[in-house]
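One structure is given below, encoded as structure tokens.
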Amino acid sequence: PAAFSRFFSREVGKSFTAYINDVRCSEASLRMRMSDRPVAVIARECGFETLSHFNRQFRMRTGSTPREFRRSASPPERQG
């Protein structure tokens, strides 16, 4: 495990865990744009065991909470 970790960090430029969380958050952001499923369900489907951990990781990577992200990514509601 230690050798893999050093190799991965050297080749990719980030730890394996950071890479996996990047991929999971990217998938979650795509799913939030494409559906209206609850954020907690999407987080769980993307591999996050707790919603609080997902919220923390997502905010660290995007600068916004999943709720804020979804609000800004969704089309404006029609009036009239």
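Nothing here was measured: the structure is a model prediction, and the numbers come from that model.
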Point-to-point distance, once rounded to the nearest 0.5 Å, from [atom1] of [X] to [atom2] of [Y]:
{"X": "F48", "Y": "C46", "atom1": "CZ", "atom2": "SG", "answer": "7.5 Å"}
{"X": "I42", "Y": "M34", "atom1": "CD1", "atom2": "CE", "answer": "11.5 Å"}
{"X": "R71", "Y": "S64", "atom1": "CZ", "atom2": "OG", "answer": "10.0 Å"}
{"X": "C25", "Y": "M60", "atom1": "SG", "atom2": "CE", "answer": "7.5 Å"}

Practice item. Please list, chain by chain and in numerical order, all residues satisfying side-chain contact (heavy atoms from CB on, under 4.5 Å) with T65, sequence neighbours excluded. Key: R59, R67, E68
Exercise for review: Using side-chain contact (heavy atoms from CB on, under 4.5 Å) as the criterion, list what pairs up with L51, not counting sequence neighbours.
Suggested key: V39, A40, A43, F54, N55
Check your understanding: Going by the salt bridge (charged side-chain N to carboxylate O under 4.0 Å, His left out) test, which pairs reach into residues 35-53, not counting sequence neighbours?
Key -> R31-E45, R37-E45
Practice item. Name all pairs fulfilling the salt bridge (charged side-chain N to carboxylate O under 4.0 Å, His left out) condition that reach into residues 4-18, sequence neighbours left out, sorted by first residue then second. Key: K14-D22
Review point. In the hydrophobic clustering that connects Ile, Leu, Val, Met, Phe, Trp and Tyr at side-chain heavy-atom distances below 4.5 Å, which members other than F8 occupy its cluster, ordered by chain and number?
Key: F4, V12, F16, Y19, I20, V23
Exercise for review: Give a yes or no answer on whether the side chain of S29 reaches the backbone of S26 with a donor-acceptor pair at less than 3.5 Å.
Suggested key: yes
Review point. Do you know the tightest heavy-atom contact between A73 and R33?
Key: CB-CG, 3.7 Å
Review point. Between S15 and S9, which heavy-atom pair has the shortest distance, and what is it?
Key: CA-OG, 3.7 Å
